[in-house]
Number of protein chains: 2
Amino acid sequence: MLTSVPAFKRLPRAVRERQMLDSAARVFSRRGYHAASMDEIAEDAGVSKPMVYAYLGTKEELFLACLRREATRLTEVVAGAVEPGAPADRQLWHGVRAFFDVVATNREGWTVLYRQARGLEPFAAELSGMRARMVQVVTALLSAAMTGSGGEATDTELEVMAHALVGAGESLADWMTDHPDADPAKTATQMMNVAWLGADRLLTGATWHPGVTEAG
Amino acid sequence: MLTSVPAFKRLPRAVRERQMLDSAARVFSRRGYHAASMDEIAEDAGVSKPMVYAYLGTKEELFLACLRREATRLTEVVAGAVEPGAPADRQLWHGVRAFFDVVATNREGWTVLYRQARGLEPFAAELSGMRARMVQVVTALLSAAMTGSGGEATDTELEVMAHALVGAGESLADWMTDHPDADPAKTATQMMNVAWLGADRLLTGATWHPGVTEAG
DNA sequence: GCGTAACGTTACGCCCGGGTAGGTATGCTG
DNA sequence: CAGCATACCTACCCGGGCGTAACGTTACGC
């Protein structure tokens, strides 16, 4: 009927893939994996369903693609935040801070995806892999901090400790997504307090605080 | 065709309901909510599908029933474990210990159900309700421990702290279900160590330990 | 200007699984 | 033994949603 106003169509593949991944993340996070339909994702991306299949493949592959993108984003940001030479608490601090910043920036996209993937059997492995890397990083950090501090703990003890810390972080990340007005930096500080000082000292009035003034 | 060997059938309603709930929990935990089919649940219970619908209602209602049963079991056990008069660390210890015992006993049933319910929109509310009660309990405990200890923290600060603790506990519970040979009591102790003493003191060799010998 | 390949669409096949209609056996009460 | 409620089954309907076949259309090289 009309050749006029093809408007904004016929985009190169790379761009469309980005759009589709964005839409997918959005819809998956809103609806959850199963409730999300490929039709809705396609519609959200302003494209028709077969396009999605042509570019990103099946629903499972699509979700996996989202997952990987977000996982690498998070791990890279966190990994990039630690400065190797610094003392243990400062390293931990920078990691924690970066983590909460990413989550706060990505609320819609990230934490909900993260909440999704656990327990969905095809994806649990992927997520737990990422989690394992996180735990590994923290374990290494703790191990390094211990040498020369006179402490002694087995590898598994350190690992358990790391699991507790990571779990605490995730929990606070969840809490943050439910409280959009919460300040990431403040939350990160509180996380450091409980993780580093422990409940005991915290309750008797001790506080940990970032030593140098932080930007933002 | 045969009136012989009616064998083990025709059980009273209450018994069948228990069986069905058990089967449902088992299948839901194995497959996840969506992948679990009512047919499989019925088969696992040794009964045909319409029976399940007759007794427990729709799939959603069935899952909710499982959820509530496990949630109340957990909260009651934990709540029953704390002894009001005791010092804060011992109260926390007993709660933590009870929590890990329940999880360890129920691996198959519980934690996986718990992993399931987050992010499944119809059920997230239920779960977060239970979680909120847990946080509330811990917050109250912390608040009580603080008065007379010279510390001062706002309510939300305590709440955040409680969230971190609960998250750490959940994380270790997950870890335990993936390591079936782990000892609940030992895990609970390690949890106490990191939660109560903090990473700092732990790494320098300090340890917390249950004061009196525990049964088991 | 014309072939061809990439971009894009409409419409459909089809299976899986939630939910139900209608019918059968068994035990209890008189 | 008549009647009735309860426990239980076989067989079916039907919709939603994944994945695809077959078909247009715009750009770009030659």
Side-chain angles (χ1 to χ4, degrees), chain A residues 1-24 26-28 30-66 116 120-123, chain B residues 1-28 30-67 116 120-123:
Chain A
M1 188 181 278
L2 44 79
T3 48
S4 63
V5 193
F8 324 86
K9 302 240 162 179
R10 210 118 186 130
L11 302 177
R13 176 166 184 151
V15 176
R16 272 278 130 94
E17 282 190 355
R18 274 191 73 103
Q19 291 180 350
M20 287 174 183
L21 281 175
D22 291 344
S23 293
R26 191 155 41 232
V27 174
F28 279 134
R30 252 205 300 271
R31 307 267 188 233
Y33 177 72
H34 287 276
S37 72
M38 292 299 265
D39 295 83
E40 185 177 356
I41 292 171
E43 186 189 346
D44 184 288
V47 123
S48 80
K49 200 167 39 161
M51 276 282 95
V52 180
Y53 280 89
Y55 284 176
L56 279 323
T58 187
K59 185 182 185 182
E60 195 169 315
E61 292 167 341
L62 176 57
F63 187 73
L64 217 54
C66 293
Q116 292 297 329
L120 281 299
E121 247 334 298
F123 315 113
Chain B
M1 186 180 280
L2 45 78
T3 47
S4 64
V5 192
F8 323 86
K9 302 237 160 180
R10 208 118 186 135
L11 302 177
R13 175 166 186 153
V15 176
R16 272 278 130 94
E17 282 191 354
R18 272 190 77 100
Q19 290 182 349
M20 287 175 182
L21 281 175
D22 291 343
S23 293
R26 193 156 38 235
V27 174
F28 279 135
R30 253 206 299 273
R31 308 264 188 236
Y33 176 72
H34 288 276
S37 72
M38 293 299 267
D39 295 84
E40 186 177 354
I41 292 171
E43 186 189 345
D44 185 288
V47 123
S48 80
K49 202 165 42 159
M51 275 283 93
V52 180
Y53 280 89
Y55 284 175
L56 279 324
T58 187
K59 185 182 186 182
E60 196 169 316
E61 291 167 342
L62 175 57
F63 187 74
L64 218 54
C66 293
L67 210 62
Q116 292 297 328
L120 282 298
E121 249 333 300
F123 315 112

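On a predicted model such as this, the values are computed, not experimentally measured, just so you know. We name chains A, B, ... by the order of the sequence lines, and we start the count at 1 in each one. Side chains included, hydrogens not; waters and symmetry mates left out as well; all remaining heavy atoms used.
With D/dC18, C/dT20, C/dG8 as the candidates, the nucleotide lying closest to the side chain of A/Y55 is C/dG8. When each of C/dG17, D/dC8, C/dT10 is scored by its nearest atom to the side-chain atoms of B/M51, the top-ranked nucleotide is D/dC8. In this structure, the nucleotide among D/dA7, C/dT20, C/dG19 sitting nearest to the side chain of B/K59 is C/dG19.
The number of heavy atoms from other shown groups lying within 6.0 Å of CZ (B/R30) is above 12. Environment of CZ in A/R18: sparse, with no more than 12 heavy atoms of neighbouring residues, nucleotides or ligands closer than 6.0 Å.
Following rounding to the nearest Å, B/I41 (CD1) and C/dC16 (C1') show an atom-to-atom distance of 15 Å. Between the OH atom of A/Y53 and the P atom of D/dG17 there is a distance of 12 Å, rounded to whole Å. The NZ-C1' distance, from B/K49 to C/dG17, rounds to 7 Å in whole Å. One atom, CG of B/L62, and another, C1' of C/dG17, lie 15 Å apart when rounded to the nearest Å. For the pair A/Y33 OH and D/dC18 P, the interatomic distance rounds to 8 Å; values are reported in whole Å. For B/R10 and C/dT26, the CZ to P distance is 7 Å, given to the nearest whole Å. As a whole-Å value, the separation of B/H34 NE2 from D/dG17 C1' is 13 Å. Between the C1' atom of D/dT25 and the CG atom of A/L11 lies a distance of 15 Å, rounded to the nearest Å.
Among the heavy atoms of the strands lying under 4.0 Å from A/S48 is at least one base atom, whether or not backbone atoms are also near. Within the 4.0 angstrom heavy-atom criterion, only backbone atoms of the sugar-phosphate kind lie near B/M38; the bases stay farther away. A/A36 comes within contact range of the sugar-phosphate backbone alone, with a heavy-atom separation under 4.0 Å but no base atom that close.
A donor-acceptor pair under 3.5 Å is formed between the side chain of A/S37 and the backbone N or O of A/E40.
Each of B/P50 and B/R13 was assigned the nucleotide of DNA chain D with the nearest heavy atom; the assignment lying further toward the 5' end belongs to B/R13.
Taking only side-chain nitrogens and oxygens, B/T58 comes nearer than 4.0 Å to OP1 or OP2 of C/dG19. Checking the phosphate oxygens (OP1, OP2) of D/dC8, a side-chain nitrogen or oxygen of B/R16 falls inside 4.0 Å.
Of all nucleotides present, only C/dG1 satisfies the Watson-Crick or G-U wobble test against D/dC30, with each distance under 3.5 Å.
Smallest separation of non-hydrogen atoms from A/I41 and A/S23: O-CB, 3.9 Å.
Using the six-membered ring where Trp is involved, A/F63 and A/F28 have ring planes that are perpendicular, over 60° apart on the 30 and 60° scheme.
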